[in-house]
Every structure is written in structure tokens, then in C-alpha cells.
Amino acid sequence: MEADDTGGQRQPPAERNILTEAVTDKKELKDIISAKKEKDATKVIVQFRAIGNAPILKQKLFKITASQKFQAVNLFLRRELNYAPSEALFLYINSAFAPAPDEIISNLYKSFGTEGFLVVNYCTTAAWG
Amino acid sequence: MSTSVSKSVWEGRIPLAFSIDGSEAQHFGAEHTPSSIFIEVPRTSYLILLTEEIRDLYRATGLTLPDSTAEIWFEYQGKPLKWHYPLGLLYDILCISEPSYLQMEDTKSIPWNIKVHFRNYPAAHLFRDQSAATAQDFFMSMIKEADFLRYGSTKRVMNLSKSDQTQLWESLCSNDFDSFWKVNQRLIPVDDQVVRHIPLRLYLPDDCPVIQDRVSPRTEDGEELTMEQIIRELLPTLDTSKSKAVCHGVIVPFDTPIIWASRNLAYPDNFLHIALF
């Protein structure tokens with residue numbers, strides 16, 4: 001690919017410059033990234049709502065660390081319900097969709113939280129596709 | 001909507017060069033390490049849609065591989081690649097944004113060199129349940145999230161027939177632009193219809209957690225916001241004069257109106273995925 005068989009007429013591709021252009025001082029960006037990566041102790045209040053035959057929890061509101069991923073909510077609920085990892089359990093936000101396990105709880109709360117809660121519906125059979 | 005832009009987005013492709021470690025090839029009975037395998041794929045596609053083809057191509061080079069694709073995974077520079085992210089997004093994050101951020105010499109990696117593994121699935125980094133069916137579920141969930149952000153409910157998606165919902169995914173798999181847009185146009189706002197929020201995710205380099213929030217496309221006075229104004233709102237301390245936003249391998253000008261960007265540059269999952277550095 002690099003061989004120059006056109007008698008030296010070939011110029012280096014110009015579009016490279018745009019993408020490789022050095023971002024000279026990235027201090028702000030570095031600070032933002034390290035702040036985002038820091039373990040955030042902020043809590044989100046999750047409200048669990050059972051659907052269908054799913055067992056109802058005595059306590060429905062729980063504080064969960066905001067910087068965790070959504071799979072932590074799944075694990076937490078399984079512990080509360082005494083469910084083995086093999087047992088079927090489906091989690092939804094706002095009776096609408098099932099987020100991917102790697103979505104961050106604080107993002108879900110900021111995007112879909114209502115009245116101070118993140119509403120998580122759970123059931124033992126798939127509910128909202 | 002500008003059909004030519006969304007069509008260009010749809011037609012964007014990445015050449016991939018797959019390779020395998022000698023020890024792994026030996027483990028699966030190959031006498032020699034196979035040379036690289038080259039495939040060109042749509043940017044909107046997913047790695048999970050390639051696993052069967054990759055298995056067959058490596059079988060043809062002499063590896064004895066199981067039928068199940070459950071153990072197949074991909075790696076770039078030591079990082080396991082998420083099979084539920086569009087390939088174009090992975091490329092923008094790992095081959096454009098990150099090397100630029102780290103000021104590495106060659107930021108554009110064409111073809112993109114990806115290492116294939118057929119064992120030792122990194123379950124700590126990638127979801128175990130990798131299958132086309134799960135990928136389809138994740139994709140539909142993203143579309144519902146986008147619907148919810150725009151209109152406050154998932155009514156538009158739920159009003160689609162089961163076969164129309166399936167058509168969204170299948171037209172993505174078969175890279176059929178017309179078939180996809182026949183259904184997707186019913187999900188996006190028409191002309192001047194105001195949406196509540198823009199489905200947007202920002203990706204910063206260095207494994208930074210993804211940024212997603214409620215993003216209004218207009219000010220309270222009804223003025224349309226630009227990409228730069230939205231980014232400043234989400235990251236107030238970022239100096240945008242030193243930053244770049246990349247989508248579909250292209251630097252998006254910061255003065256791009258966010259509504260235009262969302263309509264024309266969103267991935268098939270209806271989200272605007274921006275790599276920022």
C-alpha cells in the first residue's frame with residue numbers, strides 16, 4: 001500500500017492532518033476524564049415495582065451508588081429477592097425499556113428519573129419486548 | 001432531512017484486517033499461523049454479526065473450531081471490543097479520538113487491525129450472553145430509549161407492528177437503507193415538530209464513563225442550540241476551542257445545529273454517538 005509506483009506524483013493524504021492535528025493543551029479534558037472516572041459516592045433512589053407474578057418487596061425504595069452500572073441494580077434486586085443468577089428476572093425503566101447492563105445508573109437517572117426516583121419495574125417473564 | 005447525508009452515513013464502511021495469535025491458531029490445530037483476513041463492513045454494523053463468517057473463514061485456513069460462536073471475541077491494542085456498539089463508533093473512539101488524545105503518531109488505522117480470539121472469553125469486560133438475538137434486543141432497547149427521550153414515552157415504537165420492529169433490525173443487518181427508513185421515518189420527528197430531548201451520548205477517551213443526560217434542543221426562548229452549546233452544557237469546564245467532536249469518522253463542526261445532527265447523523269439505533277477529544 002505504501003509503495004510509490006506513480007513516479008513520485010503521489011502526495012501524502014491531506015485529510016490526515018485534520019485528525020492528527022495535535023490538541024496542544026488537554027488539561028481541561030484530562031481533568032474532566034479523571035473526575036468522571038472517580039468513584040462517585042452520590043446515590044440515586046431506585047423505586048422497585050413488581051409486575052405480574054414477581055414477588056413484592058417489603059421495602060421499595062433503595063439508595064444505589066450513582067456511578068455503578070445498571071447490572072449492579074440487577075444483582076442488588078436478586079439479593080433482595082433471594083434469586084439465583086440462573087433464575088429469570090427482567091428489569092425495565094419506566095415500564096418502557098430494558099437498559100444494557102453497562103449503562104451507568106447516574107445517566108439513567110438524569111435521562112429518565114421522575115420525581116426524584118429512578119423507577120425500575122421487574123418481572124419474571126419478558127414484559128416490554 | 002437531508003437524504004444524501006443520511007445515505008452517506010449508511011454507506012460508510014470500514015476495512016478490517018483480522019489476525020490471530022500463533023499460539024491460539026496452534027491450539028485449534030493449525031500448522032501455520034493464518035495470514036490476515038480482510039473484510040469491509042458497514043460502519044453501522046456490529047461485530048456480533050461477523051462471528052459466524054469469521055469462524056468459517058478461519059475454519060477454511062485449517063483451524064478446527066466448534067460450531068458455537070459463544071467464545072469468539074475481538075481485541076484491539078489489548079482492549080476487548082464491545083459487540084453491542086456499532087463498529088463505526090468503536091473505530092471513532094479507539095482509532096480517532098483516543099490516539100489523538102494520547103498524541104500517538106498514527107491516528108488513522110486503515111485497515112483496522114483487529115485480533116480474533118476463539119477462547120478465554122473476557123467475561124469481566126464483555127457480556128457473556130453474546131448472540132445476534134441479544135444484540136437485536138439491545139438495539140431495540142436503544143430505539144425505545146431514544147423514543148422516550150424524544151417524546152416522553154415509547155408509544156411510537158410500540159405502535160409499530162412486530163414485523164416493522166423486526167424490519168428495523170433486519171434492514172440494518174442486510175444494510176438495506178430504503179427498508180430501514182421506511183420504518184424509521186415513523187419514529188423521527190416531522191419537520192418542525194419539537195422533541196423534548198435529543199438522544200445523545202458523548203464518549204471521551206481513556207475509558208471514561210459514557211455521558212448521557214436530558215438534552216433539550218432549544219433554549220427556553222425557542223432558539224435552536226448548536227453542538228457546541230450542548231457540549232458546553234454537559235461539560236461546562238471543557239474548552240471547546242481545543243476539542244473536536246467526531247461522528248462517523250468525520251469531524252462535526254461545533255456550530256452544527258443539534259436538531260440537524262440528530263436527524264442526519266444518528267446511528268440506526270436513533271442515538272447521536274459523538275466521540276469527543
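Scope of the values below: all heavy atoms of this structure, side chains included, with no hydrogens, waters or symmetry mates. Order of the sequence lines sets the chain letters (A, B, ...), proteins ahead of strands, with each chain counted from 1.
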More than 12 non-hydrogen atoms from neighbouring residues, nucleotides or ligands closer than 6.0 Å to NZ on A:Lys37, yes or no? yes
Non-hydrogen side-chain atoms of B:Arg201 and A:Glu103 separated by less than 4.5 Å: yes
Closest-packed option against chain B by number of heavy-atom pairs under 4.5 Å, given A:Ala98, A:Pro99, A:Ala100: A:Ala98
Picking from B:Val157, B:Val215, B:Leu149, which has the most non-hydrogen pairs under 4.5 angstrom with chain A? B:Leu149
Does B:Val210 offer a backbone N or O that forms a donor-acceptor pair with the side chain of A:Asn107 under 3.5 Å? yes
By side-chain contact (heavy atoms from CB on, under 4.5 Å), which residues pair with B:Glu98, not counting sequence neighbours? B:Lys79, B:Leu102, B:Pro205
With a 4.5 Å limit on heavy-atom distance, are the side chains of A:Tyr92 and B:Ser141 in contact? no
Given that the side chain runs from C-beta out, which part of B:Ile143 has a heavy atom under 4.5 Å from chain A: side chain, backbone, both or neither? neither
Any side-chain heavy atom of A:Lys110 within less than 4.5 Å of one from B:Arg214? no
So do B:Phe148 and A:Ile93 actually touch side chain to side chain, heavy atoms under 4.5 Å? no
Counting only heavy atoms not in A:Glu87, do more than 12 sit closer than 6.0 Å to its CD atom? yes
Distance, nearest 0.5 Å, that separates CG of B:Leu276 from CD1 of A:Ile32: 8.0 Å
Nearest 0.5 Å, please: how far is CD in B:Glu145 from CG in A:Leu108? 6.0 Å
Under the side-chain contact (heavy atoms from CB on, under 4.5 Å) rule, what do B:Leu238 and A:Leu29 come out as? Steps first, then yes or no, please. CA-CA 6 Å; B:Leu238 183 76; A:Leu29 184 57; 3.7 Å; yes
B:Lys242 vs A:Lys26, test: side-chain contact (heavy atoms from CB on, under 4.5 Å). Steps then yes/no. CA-CA 7 Å; B:Lys242 294 175 193 160; A:Lys26 290 169 295 189; over 6 Å; no
Ion pair check, A:Asp102 and B:Lys82, cut-off under 4.0 Å: yes
According to the ring pair (Phe, Tyr, Trp, His ring centres under 6.0 Å) rule, which pairs have a member within residues 151-173 of chain B, sequence neighbours left out? B:Tyr46-B:Trp169, B:Phe139-B:Trp169
Heavy-atom side-chain proximity of B:Leu235 to A:Lys36 below 4.5 angstrom: yes
Identify which part of B:Thr237 has an atom lying under 4.5 Å from any heavy atom of chain A, answering side chain, backbone, both or neither. both
Segment of A:Ile33 engaging chain B (4.5 angstrom heavy-atom cut-off): both
Close side-chain approach of A:Phe112 to B:Gln212, heavy-atom, < 4.5 Å: yes
Heavy-atom pairs under 4.5 Å with chain B: which of A:Lys69, A:Gln71, A:Lys30 has the most? A:Lys30
Check each atom of B:His197 against the heavy atoms of chain A and say whether the ones under 4.5 Å are side chain, backbone, both or neither. neither
